[in-house]
Amino acid sequence: MSLVVQKYGGTSVGTPERILNVARRIIATQEAGNRVVAVVSAMSGVTDNLIRMARDVSPLPAEREMDVLLATGEQTTIALTAMAINGLGKKAVSLTGAQAGIVTDGFHTKAKIANITPRQIRQYLKDDYIVIVAGFQGETTDGRITTLGRGGSDLTAIAIASAIGASLCQIFTDVDGVYTCDPRIVPNARKIPEISYDEMLEMASSGSKVMQSRSVEFAKKFGVVFEVRSSFNQNPGTIVKEENAGMENVVIRGVSVERNQAKVTIVQVPDRPGTAARIFTALADTGIIIDMIVQNVSVSGTTDISFTLSKDELPKVEQVLQPVAKEISALDLIAQDGIAKLSVVGIGMRSHSGVAARLFEALSAGGINIQMISTSEIKIAVILDEKMVDKAAGLAHDAFGLSIAPTA
Ligand code: ASP
Ligand code: MG
């Protein structure tokens with residue numbers, strides 16, 4: 001008998017009918033000869049609603065109480081799911097994060113899992129129960145309820161799969177898997193059958209938010225192979241796992257798009273030690289997250305430094321950096337929004353040459369101007385005019401042959 005961990009996200013359990021649908025799927029998995037642990041999220045919208053209510057009663061709710069509140073979302077779903085399974089005539093039991101043995105550190109609202117003692121899970125499985133575990137929550141060693149950060153049910157599922165040595169971990173969501181590009185942007189995008197952890201992480205950090213990044217990092221660290229698939233049909237999904245030699249044959253696994261970016265350029269920064277440190281320390285002190293950083297080579301004793309960030313942070317950045325620019329005697333500070341980031345991701349670029357050329361050629365053929373470029377070992381990212389990014393994604397997708405069905 002194999003041990004299967006399934007995770008059902010908020011939309012999959014969004015209504016009582018959908019919970020019944022999930023209950024039937026879990027039962028079918030058990031009837032196929034498996035022991036099943038199902039991790040569930042709060043019904044869609046519930047967590048957001050709880051956060052809203054907290055703000056309605058207090059401008060700055062205590063984080064300890066925030067966790068007590070947010071944990072109720074998943075607690076509702078575990079009880080309803082267990083009831084639904086019972087109603088269909090099967091044995092099921094619900095467990096909170098604490099009951100499931102998930103011990104975390106004390107960082108309320110973004111706790112990290114310290115260890116898992118799945119004693120109750122094991123016992124109930126042995127007694128032929130289907131075990132329903134609340135995602136997104138745990139408990140500190142001194143008994144405080146904690147939550148694992150938004151989207152944290154993914155992490156619960158991966159961590160439990162690792163702790164109980166599950167042979168299969170399935171993340172059920174409202175999309176069919178990970179796509180070569182967002183199908184709303186590129187209609188002929190295709191489902192990716194297999195993707196490596198690193199590619200999945202790069203896709204996520206580049207805007208394809210199928211899963212919480214921390215849970216992918218955890219899966220990579222502990223070697224948990226998992227599948228992302230839809231709870232609304234029976235289609236196979238995308239397998240996420242350690243890379244293998246065959247995976248490098250594909251040059252680019254996918255294209256991802258991130259909108260709502262902004263670009264800041266500090267013009268004619270004197271080229272001497274400490275200026276970059278001064279700029280970025282000022283930003284770091286205010287907790288602003290920077291993405292791409294580009295500094296020009298200085299030819300006449302000054303250099304331009306540009307960086308990108310989320311558009312929402314722009315007003316704060318201008319406020320923080322205007323005085324700094326003056327202090328270091330830079331000529332000007334130019335802020336611009338209305339830009340987007342397009343990334344092509346694939347471990348294949350480590351062993352194929354000409355990947356950047358192919359991307360730039362495709363964009364040039366479409367008359368699209370590149371404003372900034374950055375690369376990592378498995379990613380090339382460019383900053384473009386936001387109005388051009390959909391077209392650019394289509395061109396890049398075609399240039400790397402992603403629209404064409406792979407021949408077996
Ligand atoms: N309910 C939590 C959230 O909305 C956790 C999750 O859905 O994974 O962030
Ligand atoms: Mg969710």
Side-chain angles (χ1 to χ4, degrees), residues 5-16 18-19 21-22 25-26 37-55 61 63-82 94-100 102 104-105 107-113 116 131-139 145-163 169-175 177-178 200-201 204-205 207-219 224 226-232 237 240:
V5 171
Q6 301 187 322
K7 180 256 172 176
Y8 292 94
T11 23
S12 299
V13 293
T15 63
R18 287 184 175 181
I19 289 178
N21 167 53
V22 163
R25 296 186 74 113
I26 294 171
V37 177
V39 174
V40 291
S41 290
M43 296 166 78
S44 57
V46 165
T47 308
D48 288 335
N49 240 329
L50 292 170
I51 292 172
R52 221 170 292 130
M53 281 200 282
R55 300 230 168 96
E63 292 195 320
R64 179 194 183 282
E65 305 313 328
M66 204 61 193
D67 276 348
V68 175
L69 178 72
L70 295 189
T72 63
E74 272 69 13
Q75 217 161 307
T76 306
T77 322
I78 52 171
L80 290 173
T81 308
S94 68
L95 296 177
T96 64
Q99 290 171 328
I102 297 175
T104 74
D105 64 20
F107 287 95
H108 284 292
T109 74
K110 44 187 171 303
K112 287 202 168 63
I113 296 179
I116 302 183
V131 181
I132 313 295
V133 177
F136 174 58
Q137 55 174 267
E139 193 183 53
I145 295 173
T146 50
T147 62
L148 308 176
R150 295 308 305 270
S153 300
D154 290 337
L155 182 58
T156 306
I158 302 276
I160 287 180
S162 169
C169 179
Q170 299 175 309
I171 307 290
F172 285 96
T173 174
D174 50 1
V175 294
V178 184
M200 182 79 176
L201 284 165
S205 70
S208 307
K209 298 238 156 34
V210 187
M211 263 182 90
Q212 190 209 35
S213 289
R214 259 175 77 189
S215 54
V216 182
E217 277 158 15
F218 190 101
V224 180
F226 61 92
E227 181 187 14
V228 180
R229 56 186 291 170
S230 169
S231 67
F232 298 103
V240 188

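As the structure lists them, so they are numbered: ligands from 1, and atoms in each ligand from 1. All values derive from a computational prediction rather than experimental measurement.
Within ligand 1, counting atoms from 1 as listed, the ones closer than 4.0 Å to a heavy atom of R150 are 3 (C), 4 (O), 9 (O). Of all atoms in ligand 1, listed by their number and element, those nearer than 4.0 Å to a heavy atom of S41 are 6 (C), 7 (O), 8 (O).
The shortest heavy-atom distance from G152 to ligand 1 is under 4.0 Å. Under a 4.0 Å heavy-atom criterion, Q212 is not in contact with ligand 1. Ligand 1 has G151 within reach: a non-hydrogen atom of the residue lies less than 4.0 Å from it.
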Query raised in the report: What's the verdict on side-chain hydrogen bond (donor to acceptor under 3.5 Å, both in side chains) for T147 and D67, showing C-alpha distance, side-chain angles and the deciding distance?
Result: CA-CA 6 Å; T147 62; D67 276 348; 2.6 Å; yes
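N49 and R52 form a side-chain donor-acceptor contact under 3.5 Å, judged by distance and modelled atom types alone.
Looking at ligand 1, you won't find any N or O of K7 less than 3.5 Å from one of its N or O atoms.
Listed by chain and residue number, L95, T96, Q120 satisfy the side-chain contact (heavy atoms from CB on, under 4.5 Å) test with Q99 (two or more places apart in sequence, or in another chain). Annotation: salt bridge (Lys or Arg N to Asp or Glu O under 4.0 Å) contacts of R55 (sequence neighbours excluded): none.
By heavy-atom distance, the residue among E74, Q137, M43 lying nearest atom 1 (N) of ligand 1 is E74.
Each of V5, I102, V40 was compared with T156 under the side chain to side chain contact (heavy atoms under 4.5 Å, CB included) criterion, and only I102 meets it.
Panel note: side chain T76, backbone T72; a donor-acceptor pair is recorded below 3.5 Å.
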